Asker: 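Can you read through this structure? Questions will come right after.
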Amino acid sequence: MSNQAKPNQPLVTHIYTADPSAHVFNGKIYIYPSHDLDHDGPDNDNGDQYKMEDYHVFSMDDVDGPVVDHGEVLHVRDVKWASKQMWAPDAALKNDTYYLYFPARDHDGIFRIGVATSKNPEGPFTPEDNYIEGSFSIDPAVFVDEDDRAYMYFGGLWGGQLEKWQTGEFVADAPDPDVNGPALGPMVAELNDDMLGFKSAPQEISIVDEDGNPLLAGDEERRYFEGPWMHKYNGKYYLSYSTGSTHYLVYAISDSPTGPFVYKGRILEPVIGWTTHHSIVEFKDKWYLFYHDSSLSEGVNHKRCIKFTELKYNEDGTIVTIKPYGD
Ligand code: FUB
């Protein structure tokens, strides 16, 4: 099954897809998205509408070529530790091995992050028996730096349970952070050389404003919600993420992969649907933003479609804000 890729159009239309993590492997773009199920069940802040069970991998030889569906590469029935909701994944290449990182609820209903491996970027992927020790919440994004050190960024509020880990333990009825206090940041953990575990306990990332003050929990237009992504441009580390309730994709910059990061601005204005979730990748000397909206289902929150568009920088390294449907 293949569609012809076009900017700002659904990359595939035969299934619903979301959360596209794009990477360039072997000179091609590979996309690792979520696979949204077509159902009419409940839709709530707990994320019950996102009932995903499996992953497909897609590839594109070029940004104006066909989009190839490599089929189902991992199903929840094959993951011993997981019960349901295989949400936004990411992939990485190291040790001549492709690693697929994915969140799911464990058998106690707690989101954890697992890993599966393959010798091919298009899978299929073989899962480890257990989730990564010390992992929790959702939306893993793995960045392998130029020195070959690898970092996982993760965490999402509300359905993603990040606020339930404020004490370091899972507290089912944990209060939300005070709106006048610092916002919760995403988590980062360096991965072991084998890419299957954390080198040390995950640390919270600090995101500050231009004066060095932490963004506040009530600052919903700028504070972290979910969907972290890391990329490097001109030697600087760009942490980008979704603001969730206000529907923006925004970014912050640092000299270090673990921060602190200084908030810089918006990447993408709101799309059709509740969330978007993105990745940023360089391909043939241009930069691209992969994202999703709900246009394929005419606005149904959990029936989404992956898209891409070119991303441009200003001379000072800031990103030009993208309007998803033009002016
Ligand atoms: O796709 C399920 C969840 O919705 C993802 O984990 C979030 O980032 C949001 O896109």
Side-chain angles (χ1 to χ4, degrees), residues 1-36 38 52 54-74 88-94 96-102 116 118-125 141-144 227 229-233 238 240 249 267-268 271-273 276-297 303-313 319-320 322-326:
M1 186 73 69
S2 72
N3 280 30
Q4 205 66 20
K6 285 201 193 88
N8 301 308
Q9 297 298 319
L11 283 171
V12 292
T13 51
H14 61 295
I15 57 174
Y16 291 113
T17 54
D19 310 322
S21 290
H23 291 274
V24 176
F25 295 137
N26 304 329
K28 286 190 196 187
I29 298 178
Y30 282 87
I31 310 166
Y32 300 84
S34 303
H35 173 195
D36 282 347
D38 188 355
M52 297 85 102
D54 67 355
Y55 297 113
H56 284 228
V57 173
F58 301 92
S59 66
M60 293 155 61
D61 284 349
D62 216 328
V63 289
D64 55 2
V67 183
V68 178
D69 181 356
H70 295 282
E72 183 183 290
V73 299
L74 182 67
D90 191 20
L93 167 62
K94 197 170 156 173
D96 294 322
T97 303
Y98 294 88
Y99 299 86
L100 181 71
Y101 296 93
F102 58 96
S118 177
K119 284 292 167 194
N120 298 304
E122 66 267 28
F125 287 87
V142 171
F143 169 74
V144 183
W229 187 258
M230 175 59 57
H231 77 279
K232 210 169 174 180
Y233 177 73
Y238 285 61
S240 43
L249 285 182
I267 297 175
L268 185 71
V271 299
I272 296 167
T276 191
H277 179 123
H278 75 297
S279 57
I280 294 171
V281 69
E282 186 179 19
F283 181 66
K284 297 189 178 172
D285 298 327
K286 288 190 170 186
W287 287 85
Y288 295 96
L289 174 77
F290 284 74
Y291 66 102
H292 71 231
D293 71 10
S294 296
S295 55
L296 187 60
S297 63
K303 298 182 193 178
R304 300 167 289 179
C305 57
I306 56 170
K307 297 183 164 185
F308 79 101
T309 193
E310 193 175 342
L311 176 142
K312 293 186 173 154
Y313 299 89
I319 291 175
V320 179
I322 298 165
K323 293 183 177 165
Y325 311 105

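This is a predicted model, so every value here is computed, not measured.
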Asker: Indicate yes or no: at least one non-hydrogen side-chain atom of Val24 is less than 4.5 angstrom from one of Lys284.
Answerer: no

Asker: Measure the OH-CD distance between Tyr233 and Glu282 for me, rounded to the nearest 0.5 Å.
Answerer: 8.5 Å

Asker: Between CG of Asn8 and OH of Tyr325, what distance do you get to the nearest 0.5 Å?
Answerer: 8.5 Å

Asker: For residues 286-297, which residue pairs pass the salt bridge (Lys or Arg N to Asp or Glu O under 4.0 Å) check, not counting sequence neighbours?
Answerer: Lys286-Glu310, Asp293-Lys307

Asker: What I'd like to find out is whether the side chain of Thr97 reaches to under 4.5 Å of the side chain of Lys119, using heavy atoms alone.
Answerer: yes

Asker: Which is it for Leu100 and Leu74 under the side chain to side chain contact (heavy atoms under 4.5 Å, CB included) test, yes or no, and what are the steps along the way?
Answerer: CA-CA 9 Å; Leu100 181 71; Leu74 182 67; 4.1 Å; yes

Asker: Aromatic rings Trp287 and Tyr313: how do their planes relate, parallel, tilted or perpendicular, breaks at 30° and 60°?
Answerer: perpendicular

Asker: Hey, could you give me the NE2/OG distance between His278 and Ser21, rounded to the nearest 0.5 Å?
Answerer: 9.0 Å

Asker: Quick one: list whatever passes ring pair (Phe, Tyr, Trp, His ring centres under 6.0 Å) with Phe290, sequence neighbours left out.
Answerer: Phe308

Asker: Could you tell me the separation between the OG atom of Ser279 and the CG atom of Asp90, rounded to the nearest 0.5 Å?
Answerer: 7.5 Å

Asker: For Tyr98 and Phe125, which heavy atoms make the closest approach, and how far apart are they?
Answerer: O-CE2, 3.6 Å

Asker: Given side chains that start at C-beta, do those of Trp229 and Leu249 come closer than 4.5 Å, heavy atoms only?
Answerer: no

Asker: Taking atom CD1 of Ile29 and atom CG of Leu11, what is their separation to the nearest 0.5 Å?
Answerer: 9.0 Å

Asker: Using modelled atom types only, decide if a donor and an acceptor are shared between the side chain of Asp36 and the backbone of Tyr16 within a distance under 3.5 Å.
Answerer: no

Asker: Does Ile267 form a side chain to side chain contact (heavy atoms under 4.5 Å, CB included) with Ile280? I'd like the steps, not just the answer.
Answerer: CA-CA 10 Å; Ile267 297 175; Ile280 294 171; 4.0 Å; yes

Asker: Residues two or more places apart in sequence or in another chain: which of them pass ring pair (Phe, Tyr, Trp, His ring centres under 6.0 Å) with Tyr32?
Answerer: none

Asker: Does Lys303 reach the side chain of Leu296, with side-chain heavy atoms less than 4.5 Å apart?
Answerer: no

Asker: A side-chain contact here means heavy atoms from C-beta on lying under 4.5 Å apart; do Pro324 and Leu268 qualify?
Answerer: yes

Asker: Which pair of heavy atoms, one from Cys305 and one from Ser295, lies closest together, and at what distance?
Answerer: SG-OG, 3.5 Å

Asker: Looking at OG1 of Thr309 and NZ of Lys323, how far apart are the two atoms once the value is rounded to the nearest 0.5 Å?
Answerer: 13.5 Å

Asker: Between the side chains of His56 and Thr17, does any donor sit under 3.5 Å from an acceptor?
Answerer: no

Asker: Just by modelled atom types, is the His292 backbone N or O under 3.5 Å from a matching donor or acceptor in the Thr276 side chain?
Answerer: yes

Asker: Against Ile31, only a single residue in Val68, Ile306, Val281, Val57 fulfils side-chain contact (heavy atoms from CB on, under 4.5 Å); can you say which?
Answerer: Ile306

Asker: For the residue pair Phe143 and Lys232, establish whether any side-chain heavy-atom pair is separated by less than 4.5 Å.
Answerer: yes

Asker: Does Ala91 offer a backbone N or O that forms a donor-acceptor pair with the side chain of His23 under 3.5 Å?
Answerer: yes

Asker: Taking all non-hydrogen atoms of both residues into account, name the closest pair between Asn26 and Pro121 and its distance.
Answerer: ND2-CG, 4.0 Å

Asker: Are Ser59 and Glu122 side-chain neighbours, meaning at least one heavy-atom pair lies under 4.5 Å?
Answerer: no

Asker: Work out which heavy atom in Asp61 is nearest to a heavy atom in Phe283; give both atom names and the distance.
Answerer: O-CZ, 3.6 Å

Asker: Would you please test Leu93 and Val144 for side chain to side chain contact (heavy atoms under 4.5 Å, CB included) and show each step?
Answerer: CA-CA 8 Å; Leu93 167 62; Val144 183; over 6 Å; no

